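Numbers restart at 1 for each chain; the letters A, B, ... are given by sequence-line order, proteins then strands. These numbers come from the heavy atoms of this one structure, side chains and all, not from hydrogens, waters or symmetry mates. No experiment lies behind these values; they were computed from the predicted model shown.
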There are 2 protein chains.
Amino acid sequence: MNERPLQEPTLLLLTALADEPRHGYGLIQEIDAISQGRVRMRTGTLYGALDRLAQQGLIRVEREEVVDGRARKVYALAEAGRDVLAAETERLRAVVAEAERRLAARRAHAIRPKGALA
Amino acid sequence: MNERPLQEPTLLLLTALADEPRHGYGLIQEIDAISQGRVRMRTGTLYGALDRLAQQGLIRVEREEVVDGRARKVYALAEAGRDVLAAETERLRAVVAEAERRLAARRAHAIRPKGALA
DNA sequence: CCTATATATATCAGCGACCGGCATATGTTG
DNA sequence: CAACATATGCCGGTCGCTGATATATATAGG
């Protein structure tokens, strides 16, 4: 089992599955929406990540279906995945808060161009 | 210039530099504190990252000093690094909020062992 | 009818950040 | 004098992500 912190694509994948099961292509669109168009998940990342996460037990294949003649695999967040996502968001929230606190509390050390006002 | 999202060690590095300049070893301890002991930055990660971030212009070497006969390099967050950190925390805050919203709003689709109550 | 686009899944070479180990050097503590 | 904390640095390996490529079906447009 890998304890390394999640990278953003993985985090977004779990997030996109947090409310209800979705299939691969749907996840790409959902992540596009969540990130307001900033993250366009590549299929290479997606299907590789889905396999990996399934093997780690964080997600699982809920069902396979055919819609309009096209095959789909629907993935669902497993309990372990829910726990990991909850822990990860909790941790990230603390880091984000700390970063913002420090950005606000920065010292006069901050870089200042020569000739800047005293 | 790389537009890829920051990984957590890098994010913590910039965060640790956000309030005031620090030297390498001090950053390890600071990050240990920020993360409440959960992240122990390795020197391999640290010095490689410092070089990389300096080359990207996100941080810079503020000064070099000798304290108690031990040489130090003191790094400071550059303006570009400040901007990147601010943008990154902003983005992460949105993702975290979305993840928590979804975790709370999850459907009955949630995995449920056979025989669980109706 | 043919082509382009959207839907949908999958594989693979390569890159780059991170990990873990090792090396080096000085000051302090037992 | 050994162990530990302080302090910087290199390097091989791992692994998630990128970008390209391939396959297949449904729909819309020329």
Rounded to whole Å, please give me the gap between [atom1] in [X] and [atom2] in [N].
{"X": "B:Arg52", "N": "D:dC10", "atom1": "CZ", "atom2": "C1'", "answer": "16 Å"}
{"X": "B:Lys73", "N": "D:dT8", "atom1": "NZ", "atom2": "P", "answer": "9 Å"}
{"X": "A:Arg72", "N": "C:dT7", "atom1": "CZ", "atom2": "P", "answer": "10 Å"}
{"X": "B:Glu64", "N": "D:dA7", "atom1": "CD", "atom2": "P", "answer": "15 Å"}
{"X": "B:Leu58", "N": "C:dA17", "atom1": "CG", "atom2": "C1'", "answer": "14 Å"}

Just distance, no hydrogens or angles: give the donor-acceptor pairs under 3.5 Å from side chains in residues 87-95 of chain A, sequence neighbours left out.
| residue | atom | partner | partner atom | Å |
| --- | --- | --- | --- | --- |
| A:Glu88 | OE2 | A:Leu6 | N | 3.3 |
| A:Glu88 | OE2 | A:Arg91 | NH2 | 3.4 |
| A:Thr89 | OG1 | A:Leu85 | O | 3.0 |
| A:Thr89 | OG1 | A:Ala86 | O | 2.8 |
| A:Glu90 | OE1 | A:Arg93 | NH2 | 3.4 |
| A:Glu90 | OE2 | A:Arg93 | NH2 | 3.4 |
| A:Arg91 | NE | B:Glu8 | OE2 | 3.3 |
| A:Arg91 | NH2 | B:Glu8 | OE1 | 2.4 |
| A:Arg91 | NH2 | B:Glu8 | OE2 | 2.9 |
| A:Arg93 | NE | B:Glu100 | OE2 | 2.9 |

Linked, directly or transitively: B:Leu11 and B:Tyr47 (ILVMFWY side chains, under 4.5 Å): yes

Contacts of A:Arg72 that satisfy salt bridge (charged side-chain N to carboxylate O under 4.0 Å, His left out) - sequence neighbours left out: A:Glu65

By salt bridge (charged side-chain N to carboxylate O under 4.0 Å, His left out) - contacts of A:Asp32 (at least two apart): A:Arg40

Listed partners of B:Val61 passing side chain to side chain contact (heavy atoms under 4.5 Å, CB included), at least two apart: B:Glu64, B:Tyr75

Polar atom pairs between nucleotides 28-30 of chain C and protein, under 3.5 Å, N or O only, would you list them?
none

Salt bridge (charged side-chain N to carboxylate O under 4.0 Å, His left out) pairs, two or more places apart, involving residues 50-59 of chain B: none

Mind checking what makes side-chain hydrogen bond (donor to acceptor under 3.5 Å, both in side chains) contact with [X], not counting sequence neighbours?
{"X": "A:Gln36", "answer": "A:Arg38"}
{"X": "B:Arg101", "answer": "B:Glu98"}
{"X": "B:Arg42", "answer": "none"}

Spatial distance of atom CG (B:Leu13) from atom CD1 (B:Ile28) [nearest 0.5 Å]: 9.5 Å

Nucleic acid contacts of residues 25-50 of chain B, taken as heavy-atom distances under 4.0 Å to DNA chain C: B:Arg42, B:Thr43, B:Gly44, B:Thr45

Contact residues, residues 85-96 of chain A to DNA chain C [heavy atom, < 4.0 Å]: none

B:Glu79/B:Arg60 salt bridge by N-O under 4.0 Å criterion: no

Residue-level proximity of residues 6-16 of chain A to DNA chain D when a heavy atom falls under 4.0 Å: A:Gln7, A:Pro9, A:Thr10

